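Heads up, the thing below is written out as structure tokens.
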There are 2 protein chains.
Amino acid sequence: MVVSAKHPGKPSADGLSAAGDRLAEAIELLFFAYRDFISDPDKLLAEYDFGRAHHRVVHFVGRNPGITVAELLNILRITKQSLARVLKQLIERGFVVQETGKQDRRQRLLYLTASGRELEERLAAPQRARVAAALENAGPGAEEAWREVLLGLVNDEDRTEVEHRITRAPEQR
Amino acid sequence: MVVSAKHPGKPSADGLSAAGDRLAEAIELLFFAYRDFISDPDKLLAEYDFGRAHHRVVHFVGRNPGITVAELLNILRITKQSLARVLKQLIERGFVVQETGKQDRRQRLLYLTASGRELEERLAAPQRARVAAALENAGPGAEEAWREVLLGLVNDEDRTEVEHRITRAPEQR
DNA sequence: AAAATATGTCAACATGGCTGACACAAAATG
DNA sequence: CATTTTGTGTCAGCCATGTTGACATATTTT
């Protein structure tokens with residue numbers, strides 16, 4: 001094979017810089033993995049007339065009962081107007097409830113209802129199965145390495161918080 | 001600490017099912033890692049008045065010179081109408097060129113121009129740096145495990161293709 | 001000659017981001 | 001106690017990017 005001079009091929013095509021491509025491959029792999037990973041719950045969400053934004057809220061409220069709106073915004077990194085749209089629907093349709101904060105009565109603490117927990121469980125099941133299968137297939141020890149790399153991808157200034165969030169019991173309010 | 005009976009806490013809060021939560025944590029970690037990973041190129045894209053959709057096209061055309069529209073659609077898993085919108089802009093502004101296929105003259109083979117390659121490089125740089133830092137920090141051997149798990153997350157029916165795509169030289173046309 | 005394929009395009013619509021402005025209650029501060 | 005700050009909600013409008021459906025054209029395959 002000859003790589004066209006007019007249109008250079010991928011760097012590795014000439015066999016000279018294959019090693020330098022490993023990063024590009026890793027980046028691509030992350031794209032493919034995420035593409036399929038988030039595709040799981042879509043059909044189910046459609047049944048509820050919900051979208052991926054609803055999924056994220058249900059997930060993080062489920063994992064952090066009593067989370068405040070501000071904390072949720074900090075996790076999702078979206079504007080409060082964007083969050084309000086989906087949150088309103090989840091509340092109206094009885095998947096999420098709000099409670100006024102005891103210490104700080106300005107806060108609206110968010111909780112899943114029984115229906116909300118059921119939805120969360122149904123959404124999480126295929127993703128858990130997918131991750132479990134991938135981890136099992138990769139053998140023992142792979143999970144630790146995998147998690148360490150993912151954590152390393154998080155912004156430096158957010159890493160501590162994420163680290164706590166995925167291990168810590170929910171903060172008290 | 002006492003978990004409210006009215007609003008059950010996360011499963012791990014009672015210390016009884018912490019192990020079962022590992023999957024949920026892994027799922028969350030994937031969310032956080034991807035959230036920050038894709039945030040890198042956004043500022044740069046804004047300078048060009050482009051979005052993430054343009055980024056994806058530039059990336060995959062750059063990595064697969066001469067890729068057909070159909071192949072690109074299969075990678076991105078979007079409709080041809082969605083692709084057409086961003087592809088048209090990339091072509092009009094001189095980042096991508098099309099060439100009629102030699103064997104099959106119906107095909108439009110896609111290539112980056114010099115500007116396109118420059119854009120691709122500028123977009124990829126921060127992501128490569130992020131991944132490189134995460135891998136280095138996780139120590140030797142972590143990369144292999146990380147990749148294996150990510151590959152395991154891909155749909156069974158797509159795994160072989162993805163595997164080839166991230167290692168193989170571009171197919172001939 | 002007819003059918004299938006690769007691509008392009010038009011139109012309309014939905015989701016979920018965004019900015020900017022404003023309102024209100026509660027808490028924190030001087 | 002008066003003032004400022006904070007947490008939240010909401011209205012209005014815009015934009016990017018996904019969707020479906022229909023149709024056109026050129027080319028290849030049958």
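Just so it is clear: chains get the letters A, B, ... in the order the sequence lines come, proteins before strands, and each one is counted from 1. Note that the structure is predicted; figures quoted are calculated from it, not measured.
Regarding A:Q89, its CD atom lies at a distance of 13 Å from the P atom of D:dT10, rounded to whole Å. Look at CG on B:L109: it is 13 Å from P on C:dA6, rounded to the nearest Å. Atom CG of B:L72 is separated from atom C1' of C:dA6 by 14 Å (rounded to the nearest Å). Here C:dT7 presents its P atom at 14 Å from CD of B:E99, a figure rounded to the nearest Å. Atom pair A:L90:CG and C:dT15:P shows a separation of 13 Å (rounding to whole Å applied). The nearest whole Å value for the distance from the CZ atom in B:R108 to the P atom in D:dA26 is 11 Å. At whole-Å resolution of the value, NZ in B:K88 and C1' in C:dT7 are 13 Å apart. Atom pair B:E92:CD and C:dT9:C1' shows a separation of 13 Å (rounding to whole Å applied).
In this structure, the side chain of A:E99 does not engage the main chain of A:G66 through any donor-acceptor pair within 3.5 Å. Side chain of A:R63 to main chain of A:I166: no donor-acceptor pair is present (N/O by atom type, distance under 3.5 Å, no hydrogens or angles).
Ion pairing between A:R165 and A:E161 holds under the 4.0 Å rule for side-chain N and carboxylate O. With respect to the salt-bridge test (charged N to carboxylate O, under 4.0 angstrom), the residues A:D158 and A:R77 qualify. Between B:E47 and B:K43 no salt bridge is recorded (no basic side-chain N to carboxylate O distance below 4.0 Å). The residues B:E92 and B:K88 are annotated as not salt-bridged, no charged nitrogen and carboxylate oxygen being separated by less than 4.0 angstrom. Note on A:R147 versus A:E143: salt bridge recorded, some NZ/NE/NH1/NH2 to OD/OE distance being below 4.0 Å. Ion pair A:D40/A:R128 not flagged as a salt bridge, since none of the NZ, NE, NH1 or NH2 atoms sits closer than 4.0 Å to an Asp/Glu carboxylate oxygen.
Backbone-only contact: A:Q98 has heavy atoms under 4.0 Å from sugar-phosphate atoms and none from a base.
Two rings, from B:F95 and B:F50, have their centers less than 6.0 Å apart.
When the side-chain hydrogen bond (donor to acceptor under 3.5 Å, both in side chains) test is applied to A:R108, no partner is found at least two apart in sequence or on another chain. Shown here are the side-chain hydrogen bond (donor to acceptor under 3.5 Å, both in side chains) partners of B:T113, two or more places apart in sequence or in another chain: there are none.
Contact between A:L153 and B:D36 at its shortest, heavy atoms only, is O-CB, 3.9 Å. Among all heavy-atom pairs drawn from A:A138 and B:V149, the shortest one is CB-CG2, 3.6 Å.
The terminal axes of the helix from C:dA1-D:dT30 to C:dG30-D:dC1, fitted over 5 pairs per end, subtend an angle of 30° to the nearest 10°.
B:H54 has no side-chain polar atom (N or O) that falls below the 4.0 Å cut-off from OP1 or OP2 of D:dA16.
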Restricting to nitrogen or oxygen on both sides, can you table the protein-nucleotides 27-30 of chain D pairs closer than 3.5 Å?
unit_1, atom_1, unit_2, atom_2, d
D:dT27, OP1, B:R105, NH2, 3.2
D:dT27, O2, B:R106, NH1, 3.4
D:dT28, OP1, B:R105, N, 3.2

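At least one test fails for A:R159 against the ring of B:F32: distance under 6.0 Å to the centre or angle within 45° of the axis.
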Query raised in the report: Taking protein heavy atoms under 4.0 Å as touching, what does nucleotides 17-22 of chain C look like 5' to 3' if B marks base contact, S marks sugar-phosphate-only contact and - marks none?
Result: BBBBB-
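The stretch residues 28-41 of chain A has no heavy atom under 4.0 angstrom from DNA chain C at all.
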